[in-house]
Amino acid sequence: MSILTIILCILIPPLAVFLKHGLGTEFLISLLLTLVGWVPGVIYAFYVNSK
């Protein structure tokens with residue numbers, strides 16, 4: 001992962017997932033987790049982008 005991806009995963013998790021995977025199930029899950037709580041969204045963004 002690049003430094004930009006790491007920063008986006010921390011600040012705006014859905015955007016980080018969108019830039020790597022586009023609009024799809026990963027993005028929707030990230031968006032929902034971020035709306036429920038910021039920390040689950042960040043954890044999921046790191047998990048998805050590290051694959």
Side-chain angles (χ1 to χ4, degrees):
M1 278 195 296
S2 68
I3 297 296
L4 177 64
T5 305
I6 294 171
I7 292 170
L8 285 176
C9 281
I10 294 170
L11 297 177
I12 312 168
L15 181 60
V17 174
F18 171 74
L19 290 176
K20 183 155 186 176
H21 299 283
L23 286 175
T25 57
E26 290 92 359
F27 173 74
L28 292 175
I29 293 170
S30 175
L31 184 63
L32 288 173
L33 286 172
T34 303
L35 291 175
V36 169
W38 177 73
V39 173
V42 171
I43 293 170
Y44 183 74
F46 274 112
Y47 172 73
V48 169
N49 284 331
S50 67
K51 287 186 192 177

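Residue indices begin at 1 and follow the sequence shown.
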(message) Applying a strict under-4.5 Å side-chain criterion to I, L, V, M, F, W and Y, I'd like to know whether Leu11 and Phe18 cluster together.
(response) yes
(message) Side-chain heavy atoms nearer than 4.5 Å, only ILVMFWY residues, links allowed to pass through others: does that put Leu23 and Leu8 together?
(response) yes
(message) So, taking the atom named CG in Leu19 and the one named CG in Leu15, what distance separates them when rounded to the nearest 0.5 Å?
(response) 4.5 Å
(request) Working to the nearest 0.5 Å, report the span between CG of Leu33 and CG of Leu28. (result) 11.0 Å
(message) Whether the side chain of Ser30 engages the backbone of Glu26 through a donor-acceptor N/O pair (distance < 3.5 Å, no angle test) should be reported.
(response) no
(request) Taking the side chain as every heavy atom from C-beta outward, state whether Trp38 and Ile10 have any pair of such atoms under 4.5 Å apart. (result) yes
(message) Applying side chain to side chain donor-acceptor pair (under 3.5 Å), can you list everything that pairs with Thr25, at least two apart in sequence or on another chain?
(response) none
Identify each donor-acceptor pair in which a side-chain atom of residues 40-49 lies under 3.5 Å from a protein atom, sequence neighbours left out, and give them as a table.
from: Asn49; atom 1: ND2; to: Ala45; atom 2: O; distance (Å): 3.3

